[in-house]
**Student:** 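What follows is a single structure, and I will ask about it in a moment.
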Amino acid sequence: MIIPLVDLKSQYLSIKNEVDAAIDQVIRQNAFIGGKFAERFEDKFAKFCKSQHCIGVGNGTDALSIAMKALGIGRGDEVITVANSFIATSEAITQTGAKVIFLDCHPDTYNINVDLIEEKITDKTKAIIPVHLYGQPADMGPIRKIAEKYHLKIIEDAAQAHGAEYHGEIVGSLGEVACFSFYPGKNLGAYGDAGAIVTKDPEIAAKCRIIANHGRLSKYDHELEGVNSRLDGIQAAILAVKLNYLKKWTKKRRQNAYLYNAYLEGSGVTIPAELDNISAVYHLYVIRVPSEMRQKLQNNLKEKGISSGIHYPIALPNLKAYRYLGYNSSDFPFASKYQNQILSLPMYPELNEEQIRYISETVREVIS
Ligand SMILES: *Cc1c(COP(=O)(O)O)cnc(C)c1O
């Protein structure tokens with residue numbers, strides 16, 4: 001049985017007619033950059049996030065750096081985030097001129113360990129970027145309390161968590177600003193690069209829109225130097241179609257995660273922890289195995305036609321790119337240990353129970 005890590009083709013085939021018609025419309029109407037298809041999707045996605053404003057941008061990384069710039073973050077500032085994420089999170093901080101401050105992850109959820117935040121706050125700290133990693137919201141209650149106490153901004157990195165919920169509130173409305181990626185493999189994925197910024201604050205929204213579009217107020221009247229990072233019409237039209245299915249797809253992802261949990265129970269692998277009052281959207285299904293067994297497990301899965309991945313094999317502060325910060329891997333004990341133990345199993349809405357059983361049995365054969 002051949003089982004990929006994600007299966008974008010079968011998803012496309014299930015909605016092909018609608019997607020093809022949407023692309024056709026955009027081309028016929030020459031609405032390539034911005035325009036009505038982009039606006040329609042922005043409205044729709046803001047509503048989906050129970051928020052007010054959505055600014056479509058070129059990708060999720062730009063969404064983060066533009067949002068920070070709109071909040072006035074730049075040179076001399078510090079921004080706190082988590083060691084366990086994709087480099088886009090910290091790259092975007094550095095992009096603004098600010099310094100990235102990494103914290104270790106929570107031992108159970110892989111998200112930012114909220115108990116470590118306060119000791120890292122200095123008079124330069126301007127913001128916290130919690131990452132809702134693998135689709136599970138970070139522990140936003142304590143983060144909000146700390147942010148309030150020290151007057152810090154919260155920028156959600158929601159690139160992996162479209163539609164996830166924290167204590168009944170949806171991701172995208174849990175901080176000042178939220179940033180989304182619509183990279184093809186994300187839970188809501190375009191057919192190219194795309195991203196969005198979501199906020200309830202009209203001033204932040206207006207600033208983000210100006211920055212994302214060359215700092216312009218009108219065609220050739222530029223208030224400042226911005227960047228060129230806009231949502232294109234074709235991606236917006238595709239995303240608008242796919243958004244109609246997102247709740248259904250998310251439900252399938254959650255069901256699939258629980259099937260894995262059941263089939264892997266007692267196997268000796270550590271399954272994902274979903275905290276109380278949380279509805280995770282399982283962008284990835286990540287297990288942990290003893291580090292000395294991971295390669296063997298990956299090999300055996302591969303022999304059986306099953307793809308797996310590692311998200312991420314090197315925790316951010318341990319990357320060469322961050323050597324200049326002078327960290328030691330022992331400064332991040334959990335992220336550093338887990339980078340050698342984590343393994344992402346295939347996860348997508350179209351995955352079926354037979355496949356999950358087959359994958360789980362292969363895992364059991366190696367681990368038990
Ligand atoms: C994908 C991702 C991003 C960046 O999104 P792009 O659209 O690829 O630029 C940012 N943060 C996290 C956690 C991601 O997974």
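First listed ligand is number 1; within each ligand, the first listed atom is number 1. Residues: numbered from 1 along the sequence shown.
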**Student:** Among protein heavy atoms, which sits nearest to atom 8 (O) of ligand 1, and what does the distance come to when rounded to 0.1 Å?
**Tutor:** Ser181 OG, 3.9 Å
**Student:** State which residues pass side-chain hydrogen bond (donor to acceptor under 3.5 Å, both in side chains) with Asn59; sequence neighbours excluded, sorted by chain then number.
**Tutor:** Asp62
**Student:** Determine whether any heavy atom of His283 lies closer than 4.0 Å to an atom of ligand 1.
**Tutor:** no
**Student:** Of the side chain and backbone of Asp157, name the one, both, or neither that has a heavy atom under 4.0 Å from an atom of ligand 1.
**Tutor:** side chain
**Student:** Nearest protein heavy atom to atom 1 (C) of ligand 1, by residue and atom, and its distance?
**Tutor:** Lys186 NZ, 1.5 Å
**Student:** State plainly whether the residues Lys242 and Glu18 are in salt-bridge range, i.e. N to O under 4.0 Å.
**Tutor:** no
**Student:** Looking at the rings of Tyr312 and Tyr110, which for Trp means the six-membered one, are their centres under 6.0 Å apart?
**Tutor:** no
**Student:** Going by heavy atoms, is Ser85 under 4.0 Å from ligand 1?
**Tutor:** yes
**Student:** Would you mind checking which non-hydrogen protein atom is closest to atom 9 (O) of ligand 1, with the distance to 0.1 Å?
**Tutor:** Thr61 OG1, 2.5 Å
**Student:** Mind checking whether Asp193 has a heavy atom under 4.0 Å from ligand 1?
**Tutor:** no
**Student:** Quick one: look up the protein heavy atom nearest atom 15 (O) of ligand 1 and list residue, atom name and how far away it is.
**Tutor:** Gln160 NE2, 2.8 Å
**Student:** Keeping to residues at least two apart or across chains, list the side chain to side chain donor-acceptor pair (under 3.5 Å) pairs with something in residues 75-88.
**Tutor:** Asp77-Lys126, Glu78-Thr122, Ser85-Thr89
**Student:** Looking only at heavy atoms, is any part of Val131 under 4.0 Å from ligand 1, and if so is it the side chain, the backbone, or both, or is it neither?
**Tutor:** side chain
